[in-house]
Amino acid sequence: MRYPEDELVVKAPEGEKIVLLIFDGLGDIPHPDFGGKTPLEAAKTPNLDALARDGALGRIIPVAIGITPGSGPAHLGLFGYDPLELEIGRGVLEALGIGVALNAQSLSARANFATMDAKGIITDRRAGRIATEKTIGICKKLQENIGTFEGVKVEIHPAKEHRFVVVFRGEGLADGLSDADPHREGSPLPEVRATKAGAEKAARVINAFLKKGQEILKNDSPANAILLRGLATPPTIPLFPERFKVKSGAIAIYPMYKGLARLVGMDILKVNGEHYEDEFKTYIENYDKYDYFFIHIKGTDSAGEDGDFARKVKVIEEVDRILPILTAKMPAVLAVTGDHSTPALLKSHSWHPVPLLICSKCVSRDSTKRLTELEAVNGTLGMFPSRDLMKILLSNAKRMDKYGA
Ligand code: ZN
């Protein structure tokens, strides 16, 4: 994949610093039970207000107009990639989500235990949703007995309830594989097929793994079969620090966001603690070492998903309260936005544009006073796809060249 405008990115040893502060799922819609306000409108945010008065507002479209994105593609957009072109397999996201490091030689799958009858028919695709502790035990037994297949190592990582992740590591593994999942009960477990040339070895290895796995689990009903979906290798992508010529550090608490940042080549900075304050302190500690920081705040999205308007307001207010820790070392360019909207009213991600604030000396001013969905409509940054944000941030940090004479 080529990004032609990358050729305008200049190596700027004295280039200025960029901070991208992401509130996951920040955007929202008016809630009738809360005076028709959005959480950003309802929250008291004196520090963000000051930045909004100084900076410029706009709105970003995470993936495409009218499309509801997952956090994976939504973050790729923020990192300057086209999420419609750069596909990340479900297995890869699932592995990143539980903190498993992946490289080009790893093929991962979302896995879960299922129940199979004596005739080989899948009778329960979720193995009665066995408890997480039970899954941990069975995964351990599988791991101890599974061995290797054609030199390929197998890693079994338990997740929640009946779910786990399988990572195959070795040479010659390619994706382009059908699922080992009948996708309905009452059918036998299908073998994995190579759907693309080159994936034949992977298909053989996985089928051998499934066969051996079933033998190991034969007395573990209801968890006596393994289903695999979304088998994928990580995409080969031009790495973020090389594309944009910035030394890049990611500050996040949740594994999936660290995983996404690692996937594009950012350094993952160690956060001592689990509070937003600890994330901001990590930024201050590493300020001199990096040109670009990605800082991820998870709480807004979780609250939106739970339909908890008041909690979403609280997360925004809490981050606003501690914002001076971050702005004590104000970067030349500070952008505050979300990866997508997660309206509390909808209890899910949504397609709505996300309000964006950029503070920088050379951003065009506007008359906006607060970072809210409605004010953002009147911002001078306008509305544009998330994947263009990185170019605007680089230009503001004087890291992009002129196009043509
Ligand atoms: Zn998200």
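Counting starts at 1 for both ligands and their atoms, in listed order. What you see is a predicted model, and the numbers here were worked out from it, not measured in a lab. All values below come from the heavy atoms of this structure, side chains included, with hydrogens, waters and symmetry mates left out.
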* **Distance-only polar pair, side chains of H340 and D24, donor-acceptor under 3.5 Å** => yes
* To do: May I ask you to check whether D117 and T123 show a side-chain donor-acceptor distance below 3.5 Å?
  =>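 D117 vs T123: no donor-acceptor pair found between side chains.
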* To do: Report yes or no: does S71 have an N/O/S atom closer than 2.8 Å to the Zn ion (ligand 1)?
  => yes
* Asked: Just by distance, do the side chain of D175 and the backbone of T233 share a donor-acceptor pair under 3.5 Å?
  ->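 Yes.
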* Counterpart residues, ring-ring contact (aromatic ring centres under 6.0 Å, His included), relative to F280 (two or more places apart) -> none
* Asked: When you draw lines from the Zn ion (ligand 1) to NE2 of H340 and to OD1 of D24, what angle lies between them, to the nearest 10°?
  -> 110°
* To do: Give the name of the N/O/S atom in D339 that lies closest to the Zn ion (ligand 1).
  => OD2
